[in-house]
Amino acid sequence: RQIGGDPFIRFATDYAFEMPAVKVALGQKQYTDDVWMYRYELVTASGVATGWKASHAFELPAVFGVREHDFSNFVFDGEPIEVFDKIAAEMHGDWVRFIKTGEPNPDWARFEGANSPVRIYNRETRTEQLDRRHLMQIWGDMRFYEV
C-alpha cells in the first residue's frame, strides 16, 4: 500500500504481519464466521521522528484507552491530545462493543477471505475492501510458517 515506500519495510511487514494475519483469519474462518480484521495505520509525530511509523503494538494505548502511560506518551508524543482521544474512542469503543454484543461496529463487516473488508484505524477511521489475493498467491509458494 505504500507508494514509493521502503521496499524492505514493505517486505518485512508482509512477511511478519500481513500474510500471517490473513492466514490466521482464514484458519479461524473454518470454525466460525465471526472473524474481523483491522489494521492500524496512524503515523504520529513520534512515529515519523523515530522512523517507526505505525509500528507493531502502537495501537495498544488506543485499544485500552490508556493515555497516561509511558508507552502512550511515547507513541503520541508531539500530537494534540485530540488525536489520542479520537482514535481511542474509535478503537476502544469497537473493542468494548464487540465484548458486549459480539459485533464490533455496524460499519465493520466480517472477514470473507483474502479479498475482504478491513477496519483501518487512522486519523480518519474507515472500513475498506482490501484485495490481498495476489499477496497470498505470491507468499503462498513460500513455506516460512508451516512445519
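Every value quoted in this text rests on a predicted model; they were computed, and no experiment measured them. Counting from 1, the numbers follow the sequence of the chain as shown.
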Could you tell me which non-hydrogen atom of [X] sits nearest to which non-hydrogen atom of [Y], and how far apart they are?
{"X": "Leu42", "Y": "Ala54", "result": "O-CB, 3.4 Å"}
{"X": "Thr127", "Y": "Ala109", "result": "CG2-N, 4.4 Å"}
{"X": "Pro20", "Y": "Asp14", "result": "CD-O, 3.6 Å"}

Spacing of CG belonging to Asp33 relative to CD belonging to Gln28, to within rounding of 0.5 Å: 10.5 Å
Can you tell me how far the OG atom of Ser46 sits from the CH2 atom of Trp52, to the nearest 0.5 Å? 8.0 Å
Report yes if the side chains of [X] and [Y] come closer than 4.5 Å at any heavy-atom pair, otherwise no.
{"X": "Lys29", "Y": "Phe111", "value": "yes"}
{"X": "Lys86", "Y": "Glu124", "value": "yes"}
{"X": "Ile87", "Y": "Tyr121", "value": "yes"}
{"X": "Gln129", "Y": "Glu112", "value": "yes"}
{"X": "Met37", "Y": "Arg119", "value": "no"}
{"X": "Ile9", "Y": "Lys53", "value": "no"}
{"X": "Val35", "Y": "Arg110", "value": "no"}
{"X": "Arg10", "Y": "Glu18", "value": "yes"}

Do you reckon [X] sits in the same ILVMFWY cluster as [Y], going by side-chain contacts under 4.5 Å, direct or chained?
{"X": "Val43", "Y": "Met91", "value": "no"}
{"X": "Ile120", "Y": "Tyr38", "value": "no"}
{"X": "Trp95", "Y": "Val75", "value": "yes"}
{"X": "Tyr40", "Y": "Phe74", "value": "yes"}

Output, in order, the C-alpha distance, side-chain angles, deciding distance and verdict of side-chain contact (heavy atoms from CB on, under 4.5 Å) for Val118 and Glu128. CA-CA 5 Å; Val118 175; Glu128 184 176 319; 5.8 Å; no
I'd like to check the salt bridge (charged side-chain N to carboxylate O under 4.0 Å, His left out) partners of Arg133; sequence neighbours left out, ordered by chain and number.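 Expected list: Asp131.
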What verdict does the salt bridge (Lys or Arg N to Asp or Glu O under 4.0 Å) test give for Glu79 and Arg123, after you've listed the backbone C-alpha separation in whole Å, the side-chain angles of each residue and the deciding distance to 0.1 Å? CA-CA 11 Å; Glu79 293 291 336; Arg123 291 183 193 273; 3.0 Å; yes
Checking Thr44 side chain against Gly47 main chain: does a donor-acceptor pair fall under 3.5 Å?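 Side chain of Thr44 to backbone of Gly47: a pair is present.
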Identify every side-chain donor-acceptor pair in residues 61-71 under 3.5 Å, counting partners at least two apart or on other chains, and give the distances.
from	atom 1	to	atom 2	distance (Å)
Arg67	NH2	Asp85	OD1	3.0
His69	ND1	Phe71	N	3.0

Can you check whether Phe98 and Trp108 have ring centres sitting under 6.0 Å from each other?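 No, the ring centres sit 6.0 Å or more apart.
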Is it the case that the ring center of Phe84 lies less than 6.0 angstrom away from the ring center of Phe76? yes
For Asp94, which of Ile99, Asn105, Thr125 qualifies under side-chain contact (heavy atoms from CB on, under 4.5 Å)?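 So, applying the side-chain contact (heavy atoms from CB on, under 4.5 Å) to Asp94 and each of Ile99, Asn105, Thr125, only Asn105 qualifies.
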Please step through side-chain contact (heavy atoms from CB on, under 4.5 Å) for the pair Leu135 and Val22, ending with a clear verdict. CA-CA 10 Å; Leu135 172 75; Val22 174; 5.5 Å; no
